Amino acid sequence: MATKVNRATAVGDAPASRHSPELLLGLYRMMVKCRMCDEKARILFKQGKYAGNFYSNVGQEGGEVGAAFSLREDDWVAPSHRDWTSCIVKGAPLKACFAQLYGKTDSPDRGKSTPAHMGYPELHIITPASTIAAQLMIGTGVAWGLKRQAKDSVVVSFCGDGATSIGWFHEALNFAGVHRLPMLYVVQNNLWAESVPLRLQTALTDLSDRAKGHGITGVSVDGNDILAVYDAATKAIARARAGQGPTVLECKTYRWYGHSEIDPAKYRMPEEVAEWKKKDPIPRFEKYLADRKLLSDQIKKQVRDEITREIDEAVEFAEKSPYPAPEEALEHIWA
Amino acid sequence: MATKVNRATAVGDAPASRHSPELLLGLYRMMVKCRMCDEKARILFKQGKYAGNFYSNVGQEGGEVGAAFSLREDDWVAPSHRDWTSCIVKGAPLKACFAQLYGKTDSPDRGKSTPAHMGYPELHIITPASTIAAQLMIGTGVAWGLKRQAKDSVVVSFCGDGATSIGWFHEALNFAGVHRLPMLYVVQNNLWAESVPLRLQTALTDLSDRAKGHGITGVSVDGNDILAVYDAATKAIARARAGQGPTVLECKTYRWYGHSEIDPAKYRMPEEVAEWKKKDPIPRFEKYLADRKLLSDQIKKQVRDEITREIDEAVEFAEKSPYPAPEEALEHIWA
Amino acid sequence: MARTITYIDAINEALHQEMERDSRVCILGEDLGMGGGVFKATAGLYQKFGEERVLDSPLAEGIIIAAAIGASLVGYRPVPEIQFADFIGDAVDPILQQAAKLRYRSAGGYSCPITIRVCWGGGTGGGLYHSQENTTWFAHEPGIRVLAPSTAYDAKGMLIAAIRDENPVLFFEHKKLYRTAKSEVPEEPYTVSLDEAAVRRPGRDMTVLTYGYMASVVMEAAEEMAKRGVDAEVVDLRTLAPLDKKTIVESVRKTNRCLIVHEDTKTLGIGAELSAILNEEAFDDLDAPIMRVTGPDVPPVPFSPPLEKFFMVDKEKVLAGMEKLAAY
Amino acid sequence: MARTITYIDAINEALHQEMERDSRVCILGEDLGMGGGVFKATAGLYQKFGEERVLDSPLAEGIIIAAAIGASLVGYRPVPEIQFADFIGDAVDPILQQAAKLRYRSAGGYSCPITIRVCWGGGTGGGLYHSQENTTWFAHEPGIRVLAPSTAYDAKGMLIAAIRDENPVLFFEHKKLYRTAKSEVPEEPYTVSLDEAAVRRPGRDMTVLTYGYMASVVMEAAEEMAKRGVDAEVVDLRTLAPLDKKTIVESVRKTNRCLIVHEDTKTLGIGAELSAILNEEAFDDLDAPIMRVTGPDVPPVPFSPPLEKFFMVDKEKVLAGMEKLAAY
Ligand SMILES: Cc1ncc(C[n+]2csc(CCOP(=O)(O)OP(=O)(O)O)c2C)c(N)n1
Ligand SMILES: Cc1ncc(C[n+]2csc(CCOP(=O)(O)OP(=O)(O)O)c2C)c(N)n1
Ligand SMILES: [Mg+2]
Ligand SMILES: [Mg+2]
């Protein structure tokens with residue numbers, strides 16, 4: 001993947017205002033890939049191809065890709081339920097990702113965890129549990145360990161607006177504040193936690209203000225502007241690497257679909273949804289790139305065709321991958 | 001008690017800068033009473049008169065008395081482990097308070113709870129559990145109920161600096177923020193949580209900044225200046241009564257003795273302790289009163305003599321109060 | 001008048017009726033107001049009673065329970081919801097250290113009449129964090145009732161009784177029963193005892209103790225066994241704490257054999273206590289060891305379909321257990 | 001070379017030695033660095049190993065455990081402390097949903113070698129919130145070891161073994177044993193098996209299963225009973241999860257009678273599972289019902305001295321239980 005090279009070179013040295021064409025196209029390609037994988041996952045669920053549930057990230061790719069794109073291989077990601085695609089950004093092979101949906105033996109956890117809860121030890125992606133904010137706490141613990149080892153790796157952890165209400169979110173931030181840990185907490189504020197609107201979730205307007213309760217840095221950005229996210233994230237990551245402590249990065253965004261594939265989301269006004277679909281981060285970035293003559297219809301098509309092929313292969317692979325034997329339920333409990 | 005009258009009239013109508021002599025003397029008397037009761041409780045423990053443990057509030061009376069003094073009978077108090085004396089401020093008879101230490105049947109809980117965990121249903125004092133921050137959460141629930149009943153009662157809840165690190169503290173503040181509840185969270189920041197110094201507890205300097213993470217009001221005051229506390233508290237309480245929402249009030253103070261009576265507190269520098277003893281809130285307020293010709297040596301002696309008599313009576317009462325019968329252990333579990 | 005409705009409709013109806021009857025009843029939790037709940041248990045309540053009485057809370061189980069406790073101190077009878085038993089962790093202290101002990105620690109000065117609804121159980125593809133049973137943690141502690149109805153009729157009557165009860169109550173609703181369990185349910189409000197197990201099927205040859213979704217599985221197995229010549233008495237516990245020892249012990253004294261069936265993992269599931277009680281109180285009447293058919297001791301429930309199937313107790317596994325016990 | 005030291009000194013020594021041996025071992029919790037811990041279990045460690053390896057954490061049990069889990073993922077072997085079992089609530093999810101299931105949910109991709117030290121138990125005037133036992137919550141869940149040593153020798157050897165073990169471990173230390181339990185303890189590091197119960201006193205007439213502080217109470221009672229002509233075998237469980245079924249079952253098969261003694265409340269205490277296992281595996285060998293002498297089913301432990309005494313199991317209560325069992 002060409003983007004791998006970009007990632008290693010484009011970050012840190014290039015000032016935020018002068019992104020290389022390679023980086024810009026890399027970001028673009030990754031957003032489209034996440035979108036297409038996610039839409040495919042939704043279709044497969046609707047077709048009854050796998051059990052459980054799926055939590056679509058469509059609409060939120062700006063935050064997901066922008067925050068994780070610049071990570072190095074030795075950096076860590078701690079995803080939540082809506083961040084299956086963050087594994088893709090961190091470099092997980094699509095074959096593994098789709099095998100995860102199916103609960104097959106070629107998933108990293110051999111079908112133990114649900115589609116939403118993908119981890120990848122080799123890539124330092126922490127296998128999530130459902131418990132909201134647990135990933136932030138464990139990620140914070142990883143950051144504590146890394147700091148003590150005097151490594152300059154960082155941890156990026158994702159959560160939603162709702163997650164900022166639970167106590168553990170604050171315990172994590174507080175601990176990271178005390179020890180100035182190399183953490184980036186990405187809050188994907190999509191205005192809803194299931195059917196609970198933000199006004200019943202918090203008295204705050206900007207969720208980056210959560211950071212103020214712990215004496216750490218907080219930044220809010222337009223989550224649908226991938227460059228705004230990318231710039232804020234790379235800055236926060238650079239600070240974290242330099243031992244300057246954690247950051248809360250709020251990405252203001254929106255989930256297009258229901259909370260999960262079984263939620264028709266009738267609690268939201270259609271106008272609100274329509275409004276946000278207009279703010280789709282992908283066409284917006286396409287325009288940015290086209291304006292700079294970096295993107296043509298031909299490249300767009302080429303990108304999509306390539307990704308389609310990759311997805312098709314991955315799905316075929318996942319379908320052929322065997323289910324675990326029933327008795328595997330008894331394995332991996334004790335060391 | 002003369003102070004009862006003061007409490008009902010002095011608050012709200014009198015501007016903070018013009019405290020009536022009656023109010024000032026009431027505050028003074030209450031501080032001395034709390035100090036003397038607490039010192040007595042310590043002596044009794046050292047004498048082996050009661051089991052368990054005791055968490056002295058000596059040095060922190062400015063916050064304890066200043067915050068709770070103006071409360072009405074229909075207001076609520078949610079104390080923590082170090083707030084036995086807040087029951088006295090709220091009006092609990094000393095006889096009950098000392099019976100609580102002894103675990104006798106004349107304590108409000110007939111010996112079920114420890115000395116530190118006194119409640120008093122008739123006075124709306126919530127019987128505490130040890131769990132740090134639990135009282136804040138339950139107090140917040142009471143405030144939610146009061147608000148829904150359109151009552152103008154308020155809830156004052158006490159905790160320490162350490163308590164602001166646990167997640168439940170934040171869940172309480174967040175909920176109170178969303179619903180603009182009539183809550184006053186008094187944080188007695190005595191710089192230590194057991195042997196843990198503030199720098200390992202939080203990256204913050206002012207714990208009132210915890211409020212910023214939840215979009216509510218935060219105020220920090222010199223906790224050893226009883227009038228500063230009183231003024232800030234009455235203002236916050238008035239706002240709460242008027243439906244303007246919760247406040248976090250940090251009182252910067254110090255506990256003179258160990259965390260509990262079994263802690264020699266060797267982790268603190270003697271200089272630090274000596275420094276803070278110089279800031280004793282009682283002589284400081286005595287000077288203020290004397291400067292205004294409100295306090296003479298004679299009144300001081302009179303106050304102390306009266307309180308001594310009251311304490312002696314209470315101790316005698318507590319000693320004579322019977323222990324519960326062993327089988328009472330089986331009572332009060334189920335309705 | 002009775003009509004046949006589902007378990008979830010029975011719960012929904014109980015909530016509607018109690019809220020109508022008693023203005024002190026209020027509801028709070030995640031996703032249950034405008035959304036009506038993941039499974040629609042609270043559908044229509046927000047629309048009828050408004051945000052004041054049906055509150056979508058912040059995502060924080062601790063304050064959900066603590067707010068309910070606090071409100072109960074000023075006269076409310078809150079019915080907080082924990083969306084999935086798997087997520088009750090943040091509320092373990094509020095439930096067990098606060099609610100369950102409040103009466104005790106104040107020697108009756110305070111009481112805490114809250115009813116905590118919790119959705120539990122596996123078999124629906126929920127995986128490791130949408131399938132768990134942790135009734136044991138709560139049944140272990142004195143001061144809180146733990147209920148687990150298995151029929152629509154009980155769900156309505158026990159929920160109403162719980163809301164009216166002065167004790168804190170944990171009301172466990174099995175998600176697999178929501179739409180599969182149906183029974184004749186009176187339209188009018190009624191209560192079901194919170195102290196009594198139900199003998200679902202009288203029998204002479206063995207007693208099967210069970211609860212929740214397993215009750216229906218066991219009933220099917222019992223009918224099958226009847227055809228095979230074994231007449232099993234099926235006792236649906238309904239209440240997990242306090243247990244109805246009387247019914248349980250009497251049944252086993254009569255049948256002299258006992259099989260315990262639960263979905264929970266074996267070690268220290270409710271079955272452990274049942275077995276211990278019977279050993280203490282019916283030892284001389286036992287013709288065979290008390291046996292348990294339960295989930296295996298693995299984290300409940302692994303996701304992949306073959307793993308989930310391996311975990312769940314089904315009719316075949318119950319039949320095998322009954323055969324083994326009968327043959328002893 | 002062995003000398004006689006206390007339980008708490010044994011724990012302290014184990015921590016010193018393991019930290020010296022393995023730089024990956026680190027400690028965190030409340031009040032355990034400069035303060036050396038409420039009971040001084042961690043005395044001297046801060047001075048020797050510094051703040052980097054002996055960290056006074058913020059007052060938040062959730063992050064204490066989660067930070068340990070995270071650090072274990074990058075190679076550390078953290079030994080977090082929960083000051084009192086009563087305050088473990090905030091950490092129930094991190095312990096049971098995260099640590100205990102991490103290996104499982106990643107199919108072995110991650111492991112979580114942390115050893116959580118927890119102080120438990122009553123009888124010291126601690127009241128409702130400094131006396132509890134909640135081993136059941138944890139022993140119910142697969143994937144985490146639950147240990148409860150009763151002697152200074154075991155305390156040291158099991159703690160060292162726990163720190164070296166690849167599984168997450170809960171290490172319950174009974175506060176009443178800290179200074180009362182003394183034994184010959186080798187100076188050098190050694191390990192004690194985490195899979196085996198200990199037969200503390202061989203006997204023919206009955207088996208008494210117990211653990212923790214009760215083990216010493218039971219030993220005294222057993223000596224007394226010997227004088228009265230009843231020769232009891234005392235088995236100290238040492239590990240509460242997984243249980244050493246083999247030793248337990250073999251002992252009862254031999255003695256044909258079993259008394260279970262624990263301090264925890266009766267319902268769903270560890271005794272429930274023991275009884276159930278024995279019923280399943282030693283039924284035909286039982287000459288009497290398995291009996292339990294335990295704390296009563298009341299919130300542990302009410303404060304006032306007569307109430308605490310009522311709660312605690314003591315030698316007299318154990319003797320009464322042994323007499324009753326012997327007479328059956
Ligand atoms: C502790 C806990 N409580 C409840 C849930 C159920 N739950 C899953 S996602 C979710 C809403 C999350 O909202 P938010 O944090 O805004 O993330 P989003 O889904 O919007 O991405 C809830 C309540 C859970 N997983 N964990
Ligand atoms: C959840 C919980 N964890 C630990 C404890 C033990 N503990 C009691 S008081 C205390 C320190 C409290 O410090 P702070 O909040 O600053 O109050 P202070 O004692 O200084 O008044 C601790 C750790 C507890 N009671 N509850
Ligand atoms: Mg959201
Ligand atoms: Mg403090």
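Computed from a predicted model, the values in this text were never measured in an experiment. Chain letters run A, B, ... following the sequence lines, proteins first, then strands; residues in each count from 1.
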All heavy atoms of B/His332 vs all of C/Gly108, minimum pair found to be ND1-N, 3.8 Å
Is there a side-chain contact between B/Met137 and C/Pro94 in this structure, where contact means two heavy atoms from C-beta onward sitting under 4.5 Å apart? yes
B/Trp168 side chain to C/Asp93 side chain, donor-acceptor N/O pair below 3.5 angstrom:
no
Worked verdict on C/Tyr76 versus B/Gln149 for side chain to side chain contact (heavy atoms under 4.5 Å, CB included)
CA-CA 10 Å; C/Tyr76 289 95; B/Gln149 290 168 343; 3.0 Å; yes
Between B/Ala172 and C/Ile63, the two heavy atoms sitting closest are CA-CD1, 3.9 Å
Q.
Has C/Tyr104 got a side-chain atom pairing as donor or acceptor with B/Ala329's backbone, closer than 3.5 angstrom?
A. yes
Residue from B/Leu146, B/Ile126, B/Thr114 scoring the most non-hydrogen pairs under 4.5 Å with chain C is B/Ile126
Is there a donor-acceptor pair under 3.5 Å between the side chain of C/Glu166 and the backbone N or O of B/Ala335? no
Bottom line for B/Trp144: the part with an atom under 4.5 Å from chain C's heavy atoms is side chain
Correct closest heavy-atom pair for B/Asp109 and C/Arg105 would be CB-O, 3.1 Å
OH of C/Tyr110 to NE2 of B/His124, rounded to nearest 0.5 Å, is 7.5 Å
Nearest heavy-atom contact between C/Asn167 and B/Ile333 is OD1-O, 4.4 Å
Requested in this report: Kindly indicate whether the side chain of B/Arg148, heavy atoms from C-beta on, has any atom under 4.5 Å from the side chain of C/Glu52.
Outcome: yes
When the 4.5 angstrom heavy-atom criterion is applied to B/Pro128 and chain C, the contacting part is backbone
Turns out that what part of B/His179 lies under 4.5 Å from chain C's heavy atoms comes down to side chain
Pair count under 4.5 Å, heavy atoms only, with chain C: among B/Ser113, B/Pro108, B/Gly145, B/Ala129, highest is B/Ala129
